[in-house]
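Only one structure is covered here, and it is reproduced in the block below.
In the text below, chain A, chain B and the rest are named by the order of the sequence lines, each starting its count at 1.
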Amino acid sequence: MKCFNIRWAATRILALLLLAGFGVPTHAQEYPSKDIRIVIGFAAGTGVDVIARFFANKLQPLAGKPVIVENKVGAIGNIGAEAVARARPDGYTMLIAPGNSTMASNPHLFKKLPFDPAKDFAPVSPLLRLAFTFGVAPSSPIKSMQELVAHLKAKGDKASYGVSGPFQTVSGHLFKTVTETKATAVRYRSTPDIHRDLLAGLLDYMIADAPYTLAPAKEGRLRLLAVATAERSSVAPDLPGMREAGVPGFDLSSWFGAWLPANTPPEIVAKVNKWYGTILSQEDSKAFIKSIGAEPFPGSPEVLRAHTVSETAKWGKLIRDAGLPQQ
Amino acid sequence: MDLDLFQHLATGFGAALSLKNIGFALLGCLLGTLVGVLPGIGPIPTIAMLLPISFGLEPLSALIMLAGIYYGAQYGGSTTSILVNMPGEASSIVTCIDGHQMAKQGRAGAALGVAALGSFFAGCFGTVFIAAFGLPLAIFALRFNSPEYFSLMILGLVTATVLAHGSVVKAIGMVLVGLMLGIVGTDVDTGLQRYTFGISAIWDGIDFLPLVIGMFGIVEIVRNLEQPAAQQIAVNTRIKGIWPTRKDFRDSWRPVLRGTALGSILGILPGGGALLSSFASYTVEKKIAKNPSRFGKGAIEGVAGPESANNAASQTSFIPLLTLGFPSNAIMALMMGAMIIHGIEPGSAVMTKRPDLFWGMIASMWIGNLMLLVINLPLIGIWVRLLSVPYRLLYPAILLFCLIGVYSTNTTAAQLVLTAAFAVFGYVMFRLGCEPAPLVLGFILGPLMEENLRRSLVLARGDWMIFIERPISATLLLLTVIVLGLIIFPQLRRKREETFQE
């Protein structure tokens with residue numbers, strides 16, 4: 001009898017597990033019927049984290065279910081992306097990531113990437129663009145990109161600039177190639193550290209994201225010379241774009257997107273895409289995005305797919321040219 | 001200047017003392033105490049999680065709450081250090097050394113009381129210090145660049161050997177092991193992996209939490225379980241009173257003053273300011289004590305000094321952010337993010353354009369410290385009684401909280417495996433009489449030192465003179481040489497046996 005009971009219990013548990021695991025089919029009409037997890041590959045408190053939590057907060061009323069941010073940190077975002085690539089394609093596990101890095105650069109920076117950016121994901125929506133800016137110390141006599149280039153040419157390899165992370169490394173290298181200058185890259189762990197050494201006169205210039213640089217520039221602790229995109233940006237309308245500043249052939253920006261695992265039902269992808277479209281058109285969202293020095297980048301899943309493909313090719317070439325090592 | 005200061009503080013208290021803002025200060029302090037007490041769940045994820053919620057608040061209320069979490073966690077962190085030998089964050093590691101010994105001698109209440117009162121005094125002083133000297137100090141801190149940091153880290157590492165109450169050789173050995181562990185991960189300079197053996201969990205380096213939870217918390221549990229059941233209470237002697245005695249106060253007021261001074265100054269420096277200040281305070285107390293052999297065995301000065309230092313430092317770490325817009329650590333970077341999102345550009349303009357906000361925040365720090373004292377003093381009785389819970393019931397709970405804390409940092413199981421590995425390693429080291437504190441200092445300062453060394457040399461194009469040509473760096477190196485001299489040439493020391501080899 002006892003034996004029977006155990007077997008009965010075991011069967012029940014097995015049945016329950018099966019039900020929980022495979023039994024419930026995902027119907028797009030019912031989606032979402034439970035909590036949605038947004039996975040990010042960066043730590044709590046980072047820029048990516050702030051952006052993801054903003055969208056999670058905004059998605060919640062649209063989804064009618066709690067939206068939770070989970071930080072799976074490591075390997076420049078690879079660990080988080082891998083987690084989503086391997087997740088069940090039911091719309092309940094979503095990735096928010098800086099696409100230029102996780103999707104477009106990492107395939108060129110890692111010998112063995114634990115996911116395939118093209119095959120493992122269903123693109124949902126592009127989210128926003130972050131501009132990067134060129135800056136010098138406010139005490140410096142340099143007032144324009146042309147003057148910076150002249151200064152760097154005169155100083156040769158005695159000039160220095162600060163970088164932290166692949167974006168700045170690649171953009172610094174591209175800048176040197178385009179302007180035929182020879183400054184030395186000095187590596188830092190964070191942008192404020194670069195800024196400190198710039199103010200101390202140890203560095204000649206820095207390239208950093210607008211979310212960081214706009215505030216000190218207004219305060220007079222940094223002089224911005226241009227945005228790193230070809231044309232002017234709405235983020236800092238007073239700054240010339242690179243073409244206007246006299247450095248043609250330079251056009252880099254960072255952008256964010258949302259992805260679901262590959263094979264997610266297209267109806268679910270469409271539903272989530274619509275949510276993001278709604279969020280990006282709300283006035284308070286626009287105000288928030290502007291306050292962090294970014295601009296909204298709405299679009300269809302197809303826009304995100306095409307953008308990822310073209311960016312992957314572009315960053316691949318830049319990374320090879322910059323001679324970054326593969327891990 | 002003086003009159004202005006009072007006027008400014010009046011503005012600040014006017015803004016911070018509204019019922020709503022007091023409520024947010026209380027909420028922040030409570031949350032901070034909670035995350036400080038729970039091992040592993042630190043202030044950074046808490047503030048990050050609350051950030052979106054704070055969008056809807058008024059800027060001052062939001063900042064007051066977030067700041068409350070930060071220094072509330074500093075208070076809470078010392079509680080677990082003292083009670084269960086588990087540092088919640090780097091700056092409370094030194095508190096473990098003597099604080100937990102005090103708890104074992106039945107003096108947990110005294111340790112907690114002195115920690116709370118010392119922290120309160122340091123917090124009050126830090127607040128006035130910010131109000132009076134904020135801007136000039138921040139400008140001085142800007143003169144710390146890569147070469148200065150390298151020299152400061154060298155000084156910190158050399159003095160770390162004084163932390164051990166065993167042999168100097170073992171302490172140096174542990175610092176070196178810490179340095180090696182700190183090197184693991186992606187090299188900032190070249191982007192190449194070092195000592196990761198293809199394990200993706202440690203690509204970004206070994207995390208702080210698995211290391212300290214393993215080497216401090218879990219080793220402590222194993223050590224306790226080794227003892228016969230009758231003595232298995234975390235405190236194996238009778239609890240002697242809940243409050244610090246008159247003698248305790250006599251012994252601790254000078255360390256509190258010295259710790260506050262050290263913390264106020266070191267806190268301004270970006271990077272390891274708060275951490276260095278608590279180590280430095282411990283070193284100073286041990287060095288000038290009449291009988292240094294008591295350290296590591298429950299000396300109240302070893303709790304009073306460092307606890308005051310780290311709290312003073314956590315106050316003054318706001319100076320660079322509030323006055324110049326430079327975040328001095330990860331939490332300040334988050335606060336800066338919060339300010340930007342609320343449309344406030346951090347920097348000197350805050351003081352002139354939004355004096356209510358600037359001075360309101362400073363006033364709220366004092367209010368927050370007072371609240372923490374009020375929250376924490378009654379809790380001491382509860383904490384101390386917690387220790388009389390049979391250890392067989394207590395330790396599974398401690399272990400569970402440890403593991404939840406470690407897992408929640410980045411929700412990967414690999415962190416738990418690392419924790420287990422460090423627990424085994426820590427136990428072997430304990431058996432060999434090697435102490436974990438110098439290792440942790442090496443682990444944290446090592447990578448910073450290496451980074452600043454290489455960066456300075458790249459900036460100077462390989463010229464080592466950069467460390468001597470710059471006056472601040474040269475002074476720090478000179479201090480290092482003096483400390484080294486004291487260690488190497490025992491005849492220069494008055495009480496050589498007592499200081500290192502007890």
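Here the closest heavy-atom approach between residue Tyr188(A) and residue Arg455(B) is recorded as CE2-CD, 3.0 Å. Considering every non-hydrogen atom in both Arg196(A) and Tyr149(B), the closest pair reads NH2-OH, 3.6 Å.
Other residues, nucleotides and ligands contribute at most 12 non-hydrogen atoms within 6.0 Å of the NZ atom of Lys182(A). In Arg86(A), the CZ atom is crowded: over 12 heavy atoms of neighbouring residues, nucleotides or ligands sit closer than 6.0 Å. Heavy atoms of other residues, nucleotides or ligands lying less than 6.0 angstrom from CD of Glu58(B) number 12 at most. Within 6.0 Å of the NZ atom in Lys290(A), the count of heavy atoms belonging to other residues, nucleotides or ligands does not exceed 12.
The contact between Ala159(A) and chain B is made entirely by backbone atoms, counting heavy-atom distances below 4.5 Å. Neither the backbone nor the side chain of Pro114(A) comes within less than 4.5 Å of any heavy atom in chain B. For a residue to count as touching a neighbouring chain, one of its non-hydrogen atoms must lie under 4.5 Å from one of that chain's; by this rule Pro216(A) does not touch chain B. Of the atoms belonging to Met336(B), it is side-chain heavy atoms, and not backbone ones, that fall under 4.5 Å from chain A. Of the two parts of Ala185(A), only the backbone, made up of N, CA, C and O, holds a non-hydrogen atom closer than 4.5 Å to a non-hydrogen atom of chain B. With a 4.5 angstrom heavy-atom cutoff, Asn78(A) touches chain B only via side-chain atoms.
Under the 3.5 Å distance criterion, the side-chain polar atoms of Arg454(B) are left unmatched by any main-chain donor or acceptor of Arg187(A).
Taking 4.5 Å as the limit, some side-chain heavy atom of Leu459(B) sits within range of a side-chain heavy atom of Leu203(A).
Contact count against chain B (heavy-atom pairs under 4.5 Å) is highest for Asp197(A) among Leu199(A), Val163(A), Asp197(A), Leu202(A). Chain B forms more heavy-atom pairs under 4.5 Å with one residue of Thr169(A), Leu214(A), Thr184(A) than with any other, namely Thr184(A).
Under the side-chain hydrogen bond (donor to acceptor under 3.5 Å, both in side chains) criterion, Arg223(A) pairs with no residue, sequence neighbours left out.
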